[in-house]
Amino acid sequence: MKETTIEEQQDFVKDITKMSDDFDRWYTDVVRKAEMADWSGVRGMMVVRPYGWAMWENITRAFDDMIKESGHENWAFPLLIPQELLVKEAAHIEGFGPEVAWVTKAGAAMEELEEPLAVRPTSETIIGHLIRRYIQSHRDLPKLTNQWNSVVRWEMRSRLFLRSREFWWQEGHTFHASAQEAIDEAELILGYYRSIAEDWLAVPVFSGKKSRAETFPGAEHTLTLEGLMRDGMALQMGTSHYFGQNFARAYDISFSNKDNEKELCYSTSWGISTRLVGALVMAHGDDSGLVVPPRVAPIQVVIVPIYRDADGRAKVEAFIGGWTPELKAAGIRHRVDWRDERPGDKYAHWELKGVPLRLNVGARDADAAQVEMVDRLSRQRVSVPVSGIAQRLRDELDAFQKKLFDRAHEFRKENTYELSTLDEVVAHFKERGGFVWVPWSGDAECEERAKAEAGGVTIRTLDDEEKPSGECFVCGKPAKHRVSLAKAY
RNA sequence: CGGGCGGUAGCUUAGCUCGGCAAAGCGCCUGGUUUGGGACCAGGAGACCGCGAGUUCGAAUCUCGCCCGCCCGACCA
């Protein structure tokens, strides 16, 4: 049999723009050809197809388990928010105002409403307003709420999963009796998010506080996770906000403390969205299409039966039927592709869809009580005995998950730099992307100047682990923070 | 939201200047031969030519308005 190289194999890929030719087009091609999502005909509104939604479901299941474990409860709050409520927190409405969609008419006659209703861009305001009913005493705290829903933000520019006018997410909103407890809550959730990003999506992230300019409207501080995509752009993969008493003040959320004094709550909010599905595409995909981390893969193992005639098929079917129950029992998400196509079509199809492991199974294999296993990353063919196959596949999937993370981690390492002056930063981003660490004075003017001169690069995270040293990369004053810079989605 | 480009079958496009029977490849359906890396033969279905007005004997083609998409900016999870 002729050995084919990976390059030759990639020639088989039709329909997808090469990543190196045009990354944006590549991304769109992959998302659409892998049947993850499409545009709907209404500007900026997407339809998420089962293969994309299943990945989101796997993420939601993982995160929902985490927050339930730590005492959070799911609620459902209204979609529509009265104008009067939305505008109460000044910084918040100033931040979200430009992208709020309004319902102003209703009924067959399209009668004007007395008060416009905002379609939620996020729910701090309505939850703040409603939650006060359920909080009287410190004994009612903490109140740990979450909701799974979609929100609408009137974006001017859209990209599937990354920026659509409607997107699906969870928004957690918690209320506490002390500042420290709320601060700890925001940190706790950030840790969960890190686990989702790194352990589930296999995307290594830098985490830390946002600069003032990048902080959520109305928050005291915002914690963030930033991943690196294969085009060198950063992507925010989750944020967790500490509000102090800002929202409690605006919405009068107070409680009686142990000394019977009235006190305002301390609150947080935090969210991850369907954007993470886009992150997974851009962090792991290649010119053949998707590569899906096993832990979130809708299909972890695809089995391609190979046969010539009805007898051959019966033989292969009986063989496969002998051990697939073991896979099911082991919780391995698998599918046997019985479609009436040739094997080569199926190989290409499932590679485009990024299924981690494929088993080619024909009469030869049945006779030898083995299968031919091919993984999506190396495309090496390996014969595997069916005896103990469930455990073997479990191990392979775990190894695949790790390999994906390691590869992404290595990629980030190769694309992370330490620089010290604005000139260097400007020169750097003219040539390439990635993360650049610099010392920063903490002045917003320096941040703005860097953004203006280095082609839109922004401060992604403040590193609170390492002590800053040296002078600000822009103004030369002593640095207060060590910060990561990147161009971001 | 500003500037540029585009929208013809499920997909990719030709036709548009110069108005005159709506085409091709892929995909889809049926039958047959095939099947260990994207097969082949034969037949077939499939198009309010983005939507709406206008000009004209006649519009995919010309004009205007709107919708949707792509690229570049400003804004952003």
Side-chain angles (χ1 to χ4, degrees), chain A residues 1-6 8-17 22 24-25 27-29 32-33 35 38-46 95-100 121-122 150-171 193 210 213-214 216-217 222 224-226 234-241 269-279 288 304-310 312-313 316 339-352 358-366 371-372 374 379 381 383 451-452 455-456 458 488-489:
Chain A
M1 190 200 308
K2 182 177 172 286
E3 289 286 318
T4 53
T5 65
I6 285 176
E8 281 170 330
Q9 287 169 7
Q10 283 173 345
D11 288 342
F12 292 137
V13 178
K14 299 163 186 166
D15 317 322
I16 307 181
T17 305
D22 185 335
D24 293 348
R25 236 168 254 251
Y27 174 80
T28 306
D29 284 351
R32 300 194 60 208
K33 306 285 180 184
E35 303 179 325
D38 270 310
W39 288 123
S40 65
V42 179
R43 188 180 172 83
M45 298 284 181
M46 64 187 292
F96 279 102
E99 48 192 83
V100 173
T122 177
S150 69
V151 291
V152 168
R153 298 183 186 176
W154 216 246
E155 302 290 348
M156 291 309 153
R157 200 168 171 180
S158 319
R159 296 198 64 193
L160 291 166
F161 288 116
L162 302 177
R163 174 156 296 103
S164 47
R165 283 183 169 174
E166 177 183 25
F167 60 90
W168 291 264
W169 75 344
Q170 58 67 219
E171 47 177 324
Y193 286 167
K210 284 289 194 190
E214 301 277 331
F216 182 85
T222 288
T224 184
L225 298 177
E226 303 281 329
L235 182 74
Q236 183 170 301
M237 293 179 64
T239 49
S240 183
H241 318 289
S269 84
W270 24 273
I272 48 174
S273 73
T274 38
R275 166 178 263 200
L276 291 183
V277 178
S288 298
V304 177
I306 297 159
Y307 51 86
R308 289 167 196 276
D309 50 27
R313 176 180 163 136
V316 171
R339 290 176 308 148
D340 187 19
E341 303 284 346
R342 295 159 67 82
D345 289 281
K346 298 181 183 179
Y347 298 167
H349 177 79
W350 295 111
E351 279 174 16
L352 168 60
R358 187 179 76 236
L359 306 180
N360 305 336
V361 185
R364 290 206 299 257
D365 304 292
V371 298
E372 185 178 75
V374 187
R379 289 190 173 91
R381 290 156 184 244
S383 287
K451 185 175 180 179
T458 47
Y489 276 99

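Bear in mind that the values here come from a model prediction, so they are computed numbers and not experimental data. Chain identifiers are assigned alphabetically (A, B, ...) following the order of the sequence lines, protein sequences preceding nucleic acid strands; residue numbering begins at 1 within each chain.
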In whole angstroms, how far is the C1' atom of C75(B) from the CD atom of Glu155(A)?
8 Å
Could you tell me whether the side chains of Arg379(A) and Ser288(A) share a donor-acceptor contact shorter than 3.5 Å?
yes
State whether Trp39(A) and Arg159(A) meet the cation-pi test: NZ (Lys) or CZ (Arg) under 6.0 Å from the six-membered ring centroid, and within 45° of the perpendicular axis.
no
Rounded distance in Å between the P positions of C62(B) and G10(B):
23 Å
Return the nearest nucleotide to the side chain of Glu341(A); candidates are A77(B), C28(B), G37(B).
C28(B)
Can you tell me how far apart CZ (Arg165(A)) and CZ (Arg43(A)) are? Round to the nearest 0.5 Å.
5.5 Å
Rounded interatomic separation in angstrom, taking NE2 from His349(A) and C1' from G27(B):
14 Å
Please tell me which of Gln236(A) and Tyr307(A) maps to the more 5' nucleotide of RNA chain B, matching each residue to the nucleotide holding its nearest heavy atom.
Tyr307(A)
Partners meeting side-chain hydrogen bond (donor to acceptor under 3.5 Å, both in side chains) with Arg25(A) (sequence neighbours left out):
Asp22(A)
A9(B) and C48(B): how far apart are their P atoms, nearest whole angstrom?
8 Å
If the condition is side-chain hydrogen bond (donor to acceptor under 3.5 Å, both in side chains), which residues does Gln236(A) pass it with, not counting sequence neighbours?
Lys210(A)
In whole angstrom, give me the gap between the C1' atoms of C21(B) and G15(B).
14 Å
Remember a base hit wins even if backbone is also touched, and classify Leu162(A) as base, sugar-phosphate or nothing at under 4.0 Å, heavy atoms.
base
Roughly, in whole Å, what's the span from CG in Leu160(A) to P in A77(B)?
19 Å
Would you call Val316(A) and Pro305(A) a side-chain contact if the rule is heavy atoms closer than 4.5 Å?
yes
Just name whichever nucleotide pairs with C40(B), Watson-Crick or G-U, keeping both distances under 3.5 Å, else none.
G32(B)
Same-atom distance (P) from U8(B) to C70(B), integer angstrom
14 Å
Is there a donor on the side chain of Asp365(A) or the base of G36(B) sitting less than 3.5 Å from an acceptor on the other?
yes
Send over the distance from Phe167(A) CZ to A77(B) C1', rounded to a whole Å.
5 Å
Set out, line by line, the N/O atom pairs under 3.5 Å between protein and nucleotides 66-74 of chain B.
{"residue": "C68(B)", "atom": "OP1", "partner": "Arg43(A)", "partner atom": "N", "Å": "3.4"}
{"residue": "G69(B)", "atom": "OP1", "partner": "Gly44(A)", "partner atom": "N", "Å": "3.3"}
{"residue": "G69(B)", "atom": "OP2", "partner": "Arg43(A)", "partner atom": "NH1", "Å": "3.1"}
{"residue": "C70(B)", "atom": "OP1", "partner": "Trp39(A)", "partner atom": "NE1", "Å": "3.3"}
{"residue": "C70(B)", "atom": "O2'", "partner": "Arg25(A)", "partner atom": "NH2", "Å": "3.4"}
{"residue": "C72(B)", "atom": "OP2", "partner": "Arg157(A)", "partner atom": "NH2", "Å": "2.6"}

Set of side-chain hydrogen bond (donor to acceptor under 3.5 Å, both in side chains) partners for Ser383(A), sequence neighbours left out
Gln370(A)
Distance check needed: C11(B) C1' versus Arg32(A) CZ, whole Å only.
9 Å
Contact class for Ser164(A) vs. all strands (heavy atom < 4.0 Å): base, sugar-phosphate, or nothing?
base
Does a side-chain heavy-atom distance below 4.5 Å link Leu359(A) with Glu372(A)?
no
Base-pairing assignment for C70(B) (Watson-Crick or G-U wobble, both under 3.5 Å)
G4(B)
Expressed as a whole number of Å, how far does the P atom of U55(B) sit from that of U61(B)?
15 Å
With P as the reference atom in both, quote the distance from A74(B) to U12(B) in angstrom, rounded to an integer.
30 Å
Nucleotide forming a Watson-Crick or wobble pair with G19(B), both distances under 3.5 Å:
none
Rounded to whole Å, the CG-C1' distance (Asp309(A) to U33(B)) equals 13 Å
Tell me: CG of Asp29(A) to P of C11(B), nearest whole Å?
13 Å
For U61(B), the Watson-Crick or wobble partner whose two distances fall under 3.5 Å:
none
Should Tyr27(A) and Phe161(A) be marked as a ring-ring contact (aromatic ring centres under 6.0 Å, His included) after you check the CA-CA gap, both sets of side-chain angles, and the distance that decides it?
CA-CA 11 Å; Tyr27(A) 174 80; Phe161(A) 288 116; 7.5 Å; no
With respect to the side chain of Lys33(A), which nucleotide from U35(B), A77(B), C11(B) is positioned closest?
C11(B)
Could you run down the sub-3.5 Å N/O contacts of the protein with nucleotides 39-44 of chain B?
{"residue": "A39(B)", "atom": "OP2", "partner": "Arg342(A)", "partner atom": "NE", "Å": "2.9"}

Hey, does Val371(A) have a side-chain heavy atom less than 4.5 Å from the side chain of Asn360(A)?
no
Write down the partner of U12(B) under the Watson-Crick or G-U wobble criteria, each distance required to be under 3.5 Å.
A24(B)
According to salt bridge (charged side-chain N to carboxylate O under 4.0 Å, His left out), who are the partners of Arg339(A), at least two apart in sequence or on a separate chain?
Asp337(A)
Counter-base of C75(B), judged by Watson-Crick or G-U geometry with both distances under 3.5 Å:
none
Euclidean distance for P, U56(B) against U13(B) (whole angstrom):
36 Å
Could you tell me whether the side chains of Glu166(A) and Ser150(A) share a donor-acceptor contact shorter than 3.5 Å?
yes
Between Tyr347(A) (OH) and G37(B) (P), how many Å, whole number?
6 Å
U34(B) to G50(B) separation - C1' atoms, rounded to the nearest Å:
42 Å
